[in-house]
Amino acid sequence: MQALTPSGYYLPNRFARIALETTEELVSGRAVMQALLEGAGLADLVQNYPPANLERGFDFAHFAALNLGMETLYGPKGGRGLALRVGRLTFERALSSFGALAGTADAAFRVLPLGLKLRIGLAALARIFSEISDQASSLQEHPHELHFVVQRNAVCWGRSGEEKPVCFFMVGLLQEAAHNLSGRELRVDEAECCAQGYKECRFVIHKDSSN
């Protein structure tokens, strides 16, 4: 597999490094990780992860190749499961205490109503993505749902012609964000995906779906 053509849009190096380190941890070691990276056309990243800084230095095309490489190595079902887990752990390790989200651990925040906690926290997450990366994001509120909308999504950058959504990393990341904010497991679906031909990726967080 060849790496996709560079997009010119970037994620912070630290965010990408944490996603790579988490992937390596979950695939049980460097040998499998090397096979994944080489198969994804990312051989330059073998034992050469980006530095842990906030510089926008990791191209969307490389992040999309990493996610596609999971599907190639493990098949659609296995790749989806891996991407969900990487997304959840990446939120926990990279974003849960970053910027405005740090305040969501305060006792005063924890006593707010569920819907308000989700709206405040997910709006903060959207602002963080928009401020530290080229992945512009926003939050829309509906009576029973919150819609996390992403333009120029790094996860599916360059992909097209897909019959179903493919951004499982983002679904996992938002699942963990919703759990972190609410203390509950909430259903998160990707309703629209750029890889299907939509102009943006739209993730639906169901406010009344807790287990």
Side-chain angles (χ1 to χ4, degrees), residues 1-7 11-50 58-96 129 133 135 148 150 152-180 185-198 201-205 211:
M1 180 186 299
Q2 298 298 318
L4 303 177
T5 302
S7 68
L11 293 168
N13 284 326
R14 179 174 178 271
F15 182 87
R17 181 184 181 92
I18 289 173
L20 286 161
E21 291 176 337
T22 300
T23 304
E24 180 177 319
E25 176 186 321
L26 293 176
V27 300
S28 302
R30 286 190 172 181
V32 180
M33 188 64 183
Q34 181 173 339
L36 192 161
L37 292 173
E38 290 178 346
L42 299 171
D44 289 349
L45 290 174
V46 175
Q47 298 186 41
N48 185 35
Y49 293 166
F58 199 84
D59 195 283
F60 279 19
H62 292 173
F63 201 76
L66 173 66
N67 281 269
L68 183 57
M70 296 181 196
E71 297 177 26
T72 302
L73 187 63
Y74 291 103
K77 185 176 180 180
R80 178 181 63 192
L82 175 60
L84 286 169
R85 294 177 67 195
V86 174
R88 291 196 74 136
L89 286 169
T90 299
F91 174 83
E92 178 185 326
R93 296 169 178 178
L95 296 170
S96 62
F129 266 116
S133 77
Q135 185 169 294
F148 196 94
V150 180
R152 293 198 302 264
N153 194 347
V155 179
C156 65
W157 180 263
R159 294 179 68 168
S160 61
E162 299 289 348
E163 294 183 359
K164 298 179 180 179
V166 299
C167 300
F168 301 109
F169 172 90
M170 277 300 299
V171 172
L173 187 147
L174 291 169
Q175 284 177 338
E176 187 62 26
H179 178 262
N180 182 275
E185 288 292 341
L186 300 180
R187 178 180 165 193
V188 179
D189 299 315
E190 186 177 15
E192 299 175 358
C193 181
C194 294
Q196 294 176 285
Y198 291 98
C201 292
R202 181 177 295 272
F203 301 89
V204 178
I205 299 95
N211 294 322

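Given the structure is predicted, the values throughout are model-derived calculations rather than measurements.
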Contacts of type side chain to side chain donor-acceptor pair (under 3.5 Å), residue Ser7, not counting sequence neighbours | Asp59
What distance do Ile18 atom CD1 and Asn13 atom CG have between them, rounded to the nearest 0.5 Å?
-> 11.0 Å
Counterpart residues, ring-ring contact (aromatic ring centres under 6.0 Å, His included), relative to Phe129 (two or more places apart) | Phe15
All side chain to side chain contact (heavy atoms under 4.5 Å, CB included) counterparts of Ala195, not counting sequence neighbours = Cys156, Arg159, Glu162, Val166, Cys193
Within the distance-only criterion (no hydrogens, no angle test), does the side chain of Glu71 pair as donor or acceptor with the backbone N or O of Pro76 below 3.5 angstrom?
-> no
Residues which pass side chain to side chain donor-acceptor pair (under 3.5 Å) with Asn180, listed by chain and number, not counting sequence neighbours | none
For Tyr49, what residues pass the side chain to side chain contact (heavy atoms under 4.5 Å, CB included) criterion, not counting sequence neighbours?
-> Arg17, Leu20, Glu21, Glu24, Met33, Leu37
Is it true that the side chains of Glu192 and Gln196 contain a donor and an acceptor less than 3.5 Å apart?
-> no
Listed by chain and number, what are the salt bridge (Lys or Arg N to Asp or Glu O under 4.0 Å) partners of Glu190, not counting sequence neighbours?
-> none
Within-4.5 Å side-chain heavy-atom neighbours: His179 and Leu186 | no
Return each pair, listed once, that meets side-chain hydrogen bond (donor to acceptor under 3.5 Å, both in side chains) where at least one residue sits in residues 85-94; pairs must be two or more places apart or across chains.
-> Thr22-Arg93, Glu25-Arg93, Arg88-Glu176, Arg88-Glu185
With respect to Val171, which candidate in Asp189, Val155, Val188 satisfies the side chain to side chain contact (heavy atoms under 4.5 Å, CB included) definition?
-> Val188
Partners meeting ring-ring contact (aromatic ring centres under 6.0 Å, His included) with Phe63 (sequence neighbours left out) = Phe169
